[in-house]
Every structure is written in structure tokens, then in C-alpha cells.
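The structure displayed is predicted, hence computed values, not measured ones. Just follow the structure's listing: the first ligand is 1, and inside any ligand the first atom is 1. Side chains included, hydrogens not; waters and symmetry mates left out as well; all remaining heavy atoms used.
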Amino acid sequence: MNNRLFSAPLSFADVQITDGFWQRVMELVRTEVIPYQWDALNDRIPDAEPSWCMHNFRAAARLNEKQRTLGDAFVPPTYTNRGFQILPQDPAHPDPDAFYGFLFQDSDFSKWIEAVAYSLANHPDAELEAIADGAIDEVCAAQLDNGYLDTYYIINGMDAALTNLRDNHELYCFGHLTEGAVAYYQATGKDKLLRAACRFADYFAERFGPEEGKCKGYPGHEEAELALVKLYEVTGEERYLRLSRFFIDQRGQEPKYFIEEEHRRPGARATDLAYHQCEAPVRELKEALGHSVRAVYLYSGMADVSRLTGDDSLYEACRRLWNSIADEKLYITGGIGGTHMGEAFSFPYDLPNDSAYSETCAAIGLVFFARRMLQIAPDSRYADVMEQALYNTVIAGMALDGKSFFYVNPLSVVPEACQRDKRLEHVKPVRQKWFGCACCPPNIARMITSLSQYAYTQNQETLFTHLYIGGSASKLFDGKKLTLNVDSRLPWDGHVTVAVRADEPVQAALAFRIPGWAENASFRAEGKQQTVKDGYVYFSGEWHDGDEITLDFPMEVQMWQANEKVRENIGRVAFTRGPITFCAEEVDNGADLHLLRVDGKQISVEESHVFGHETVALKVSGVREKPAGKALYRKAGAAETEPVTITLIPYYAWANRGLNEMSVWLRG
Ligand code: FUB
Ligand code: ZN
């Protein structure tokens, strides 16, 4: 690895997004989702499952206060109300001092504050900042004097803290709190939450590590690893990087920590090591396995640590795990996680459509992993998948009006099957207003508001454009500022123009990704040296104000078939155009989408509207089989058909027009 070439995202101040496609989504998050989520965190959404998130912080703060006032006379709560999800016996009369919700409920606040921070960085808003400051005060009031800050244990009894790392999510909650704290500090300069995160991190640093007497465990749900790296990068405190590295190095070592821990807990269920990515030390992992969100959060942390410590063996493991996902376990929608059993990766090529899990958080985690791999080695393979996940599964996770969300993102839906077949219980055919386990909606909010961090990265010599998003990006080269003004109509049109702005001549290399979907791409920058490497075109030379780069990425409709090992897709085809994956919906094509057969003789692209949203539809010629009668079986023979034009809309826009069937893969 060559450290000098590692790249980092641009700061928020250096990127402006004015792009028609993304502006809409970002504005939705700013104006709808963030305020809505604040109401959700405070249990003010009628007809939605309560979150209990801020309730828990308030209860913990009161308890804390009592402890400080009573001193030695304080009697700690006894641990009687434990469980993975705790609900009030009488929902109309919750106990104000009890913990409710999932044991990792605190993380809903943390992801929300992270999204708020990015939103403030993009769009200052004094009113929102005041609400956020107030929320931070409430959260910090719950922190114990020793730095511990997880309301589940503060309220239910600290005797159980750190006793069940496998399941308890303390390090997960810590990680999210830290990511939120770093973001809020960077956006506002306010460090109250950051100081709380450092104290919480120090609590762990005192207890975990290679030193004798310290705990040799690691997070059951990874997240702390990548968060500690962020904390290290913002504070410069090496101990946070050391702790992150310790968690990564320790994972999967013998004796297996979770098995030892399980033996200390009578009645604990047996540990599935692969589910927790600890079947072997991480440098030996070859296949992406287990809970998919945990996995990609871990891999992101591994990529970070390998970059910061120059650890080649860790990087090699990241590359293998990346290939395992991209080559064998990735849905054409950029989603991951083939099975709901353990919200997990399934075996290679097992990518069922109707029972897919493809959790929104997992697609977001894949974007995290991709960006980190790009920071180490700019290779368009990573950016292609990052784009595929973003434009498809990530934004499918949210309705076009920003008011409801998907947790699971299937590739085929028959509403009756979801309602009547218990095997599909996890698949919701319409987006939900909120979830008891609401990990996905706030993850979407923080992802969308931080989009600029994925579009560009820079190192000393080069500014990399990974995603074509209209707007501008600036970087100093040897103290001289160069700005790219990007004019892009992606994802609908692949012609991109980049105008260079510079007050004085600037010597620089500008690298642009050549998307994998663009066959016969062409690009030009007058008078600049041009090289192509790993899917990026590099233009180098002296840049002057007004210089222009043009990039043409032909956006043909592409019809795909899956590898023959993907059993469910034999004889089926799917369509993409540019970064967008398409699907058929019942509202456009009638019910029984399985009776449609594509012939692909005629394919056209049309401007279209879904739920008032401007988009592009594909019209594909094919036939519809006519049902042959009521008999369950009949002698095999050709079905009677009628010609039809099949309408396909972008996958991200499905389920915005009521309950209906949907299918990405169609019979070909
Ligand atoms: O366990 C915390 C979060 O809840 C996970 O990341 C999601 O998959 C959901 O299970
Ligand atoms: Zn989720």
C-alpha cells in the first residue's frame, strides 16, 4: 500500500450539491425526514410504533440526578426488566422511569443527530440547531460520572454492563453516538457531545485492550471500529485508533470470546460464530458471512484501520471480502443479505427475490465499505457498486414523499404472499411509517445528507470524482484553489460537463470514474495529459479558469441475466439503464407479473411520472400468457399469449402508488 496515495473525502464546505435528482432527496430529508424523526424519537407519531428513545435518555438522566443527590444512600435499580425489546405492560400508561424499546434504542438518537449535523453543514438552520442542542443536553445528562452512556444498562442495572458483549449492543450504541458526536462537532464546532463520546470511549479504552487484566472481547454488533477511527481522526488521540485496531485484531482469536462469555451465562443460546464474523481471525476471512449490516460495518472499520496503519494483510482480507460480496452475493439492486434468518448473507449465488432481506442499512453499510476501499485504491469496481446501492436500494428505502420507509427490500412482491405466507413475514409490501426497530430510516437520513462524502475524495495530487452529481467541488493544490463545476443530468442522461474555475493557473490531476455501465465511454480535456487506470480517467496538467472536461457515458438500456447458479433467476431477465435498475409494477402491467414474458425486440425509454415525481420508464415488448383454466395441472404445452408492452419504472420508485405486485426479474 502506498500511503501517499490514500485519499480522503472533501470537507462539507468544499462541496455544493445542486443536482436536480439528489437535491429533491436531500431536501426531503431536511424538510420532512429529520423533523419527522425528531417526532418519532419523542413518540409523537400517531399510529406508529413508539420509539421510546428520548424517553429512555430522560429516564436515565433522572436516575443519574437521583444518584448524585442521594450519594451513598442511593439504591441502584435491580435488574428485573431485561430483554431484547421491552414494551410497557399498559401502553397508555408507560412508567416514566422505565426503559422501553430495543436495547439499542439509543442509537436512533445518534443517527438522527448525525443526519442533523450533515444537514446543518449543507444548510444552516438555527431552529434545528437549537432543537439538536437541547437533545444533546438531554443525552449528556444521562451519562454516568465514569463516562458510561447506554440507557438500557443505566436504567436496568449496571451490574450487567459488559457482561454480554455478543448481544448487548453497548459498543454499537457507543459507535453511533461517536459518529453523531464527530459529525455535530465538525458541522457546528460544538463539542459537548464529542466530549461525552470521548469519555465513553475512554471508559472502554480503560477496560479493553491487550494489556494484562483488560477484557479481550470485541463488539457483538460491529460499529465501534469505524467510529473509533473517526474519533481518532478528529481528536488525534492515538488511543482511539489503538482500541479500534484491538477490536479488529482480537475478533475471532482463540479462545473465542463469545463462547467463553456464553459459558458464563447459564441458559445463553449457543453462539453462531459466523453470524458475528468471528469464525476465524479477520485476516483469514474469505467469505462475507453472517449478519450483513454487522459484516459491512466491520469491513469498513477494517479498511479504515488498514489505511491508517499500512496493514497489508488486513487490506488483503478486505479485498477478498469485497470480492465475495460483489462476485457472489450482490443483488442487481445493490442490496445485500439474501436471507432473513439472521438478517444475513446466504451462501454464494443464493439470491432469492421474494424472500430477500436486503436490509436498507446493509446497502448503506456497503456504501461505507466501498468508499473506504476507494480511499485506499481508486478502482471503479468499488464506485460502481457504491452507485448501484445508492441509486437503487438506499433510496428505495424511503417513499417519494419521505413519509414511510422500507427495512427489507425484496426484488419481487406479491402482496397476498406477504400477508399469508409466514415465510415472507419479514417482507412488507408497502413502506411503514416507523419501526419498533428503527435502524433503517435514520440511517437513510445520515447517508443522504452526507452524500458529498461519497462523490469526491482527494489526495495531495488528485481530486477524484466518483459519482456524477451536479454542483461543485473545490480543492487546494499547493495552496491554489481549483473548483469543478459539474453539470450532470444523471441518472437520466450520461453527458457530463465539468467547468474548471481557478483564480490562477493550477497544476493538478483530476480523475473521473468511467462507470462500468457505460460502454464506449468517451472523455476529453483539451491540452491535458490523459491516462486511464482501474476505471478512472486521469487528466493532468496546468488548469486555467474556463477549462472544460467533457465526459460522455452512453446510457443504453441493458438487459441482464444472472449467473446460472442463481437458481431463482434462470430464464429471467432484468433491466438497467445507467445506474438505475428497473422493475415492473402491477399498477402499470396488471396483476400476475409472473405471466409476463419479455421478448426484448423493442425497448424504448420514455419520460414518466411516478407519484408526481419526474422519472424515466422503459417500455419493453413481450407477451402475457393467458391462464388456461382452473385445473391445477394439465398436459404440458405452449401457453396462449397476447402481445403486450411491459412498463418498467426505477426500482427506487416502486410502492409509491398503493399496494401492488412488483418484480425486478421477468421471464425472458
Ligand atoms: O442490531 C441493530 C440493528 O438492528 C441491525 O444493524 C439491524 O440489522 C437490526 O437488526
Ligand atoms: Zn436497518
Side-chain angles (χ1 to χ4, degrees), residues 33 37 40 49 51-53 56 83-86 101-112 114-115 150-152 164-177 179-180 218-227 258 269 272 274-277 288-301 333-346 356-369 389 393-398 404-410 425-428 431-448:
V33 180
Q37 291 188 350
E49 285 189 58
S51 155
W52 306 110
C53 179
N56 293 334
F84 204 67
Q85 184 186 21
I86 302 167
F102 281 86
L103 56 74
F104 48 86
Q105 211 69 43
D106 291 4
S107 61
D108 289 4
F109 157 79
S110 304
K111 287 190 225 166
W112 175 79
E114 192 182 338
D150 182 318
T151 65
Y152 180 90
N164 178 3
L165 294 186
R166 186 188 72 183
D167 306 325
N168 68 7
H169 284 64
E170 287 153 296
L171 283 155
Y172 170 84
C173 287
F174 153 74
H176 277 303
L177 184 91
E179 283 202 89
Y218 37 86
H221 190 315
E222 301 90 328
E223 157 64 19
E225 299 82 349
L226 71 88
F258 293 151
R269 70 178 157 78
D272 174 349
Y275 170 90
H276 292 280
Q277 299 76 39
L289 283 175
H291 186 274
S292 51
V293 180
R294 295 173 201 236
V296 282
Y297 283 10
L298 168 67
Y299 308 156
S300 301
T333 50
I336 51 173
T339 172
H340 76 286
M341 300 293 293
E343 308 179 301
F345 286 108
S346 188
Y357 204 70
S358 183
E359 182 178 342
T360 309
C361 286
I364 290 170
L366 184 60
V367 172
F368 296 164
F369 184 28
T393 299
V394 172
I395 52 175
M398 182 169 76
S404 56
F405 306 89
F406 275 138
Y407 185 130
V408 166
N409 295 278
E425 218 167 26
H426 60 288
V427 179
K428 304 288 174 238
R431 292 179 183 81
Q432 311 287 293
K433 279 187 172 179
W434 200 248
F435 306 87
C437 172
C439 49
C440 299
N443 232 351
I444 300 174
R446 70 180 181 135
M447 173 86 260
I448 299 298

Check: T393 main-chain N/O paired with T333 side-chain donor or acceptor under 3.5 Å | no

Only one of H426, E343, H340 forms a side-chain hydrogen bond (donor to acceptor under 3.5 Å, both in side chains) with Y357, so which one is it?
-> E343

Counting only pairs under 3.5 Å, give me each side-chain donor-acceptor contact of residues 436-445, with atom names and distances, residues two or more places apart or in other chains.
from, atom 1, to, atom 2, distance (Å)
N443, OD1, R446, NE, 2.5
N443, OD1, R446, NH2, 2.9
N443, ND2, Y297, OH, 2.9

Below 6.0 angstrom between ring centroids: does that apply to H276 and F258?
-> yes

Does C439 bring an N, O or S atom to under 2.8 Å of the Zn ion (ligand 2)?
-> yes

What closest approach, in Å, do P219 and A224 show between heavy atoms, and which atom pair accounts for it?
-> CG-CB, 4.3 Å

Could you pull out the atom name of the N/O/S atom in E359 that is nearest the Zn ion (ligand 2)?
-> OE2

Ring pair (Phe, Tyr, Trp, His ring centres under 6.0 Å) involving F345 - partner list, sequence neighbours excluded = none

Residues in salt bridge (charged side-chain N to carboxylate O under 4.0 Å, His left out) contact with E359, at least two apart in sequence or another chain = none

What angle, to the nearest 10°, do the atoms SG (C361) and SG (C440) form about the Zn ion (ligand 2)?
-> 110°

Does ligand 1 have any N/O atom under 3.5 Å from a protein N/O, and what are those pairs and their distances?
from, atom 1, to, atom 2, distance (Å)
ligand 1, 1 (O), H169, NE2, 2.7
ligand 1, 6 (O), H221, NE2, 2.7
ligand 1, 8 (O), H291, NE2, 2.9
ligand 1, 8 (O), E343, OE1, 3.2
ligand 1, 8 (O), E359, OE1, 2.7
ligand 1, 8 (O), E359, OE2, 3.1
ligand 1, 10 (O), E343, OE1, 2.7
ligand 1, 10 (O), E343, OE2, 3.2
ligand 1, 10 (O), Y407, OH, 3.4

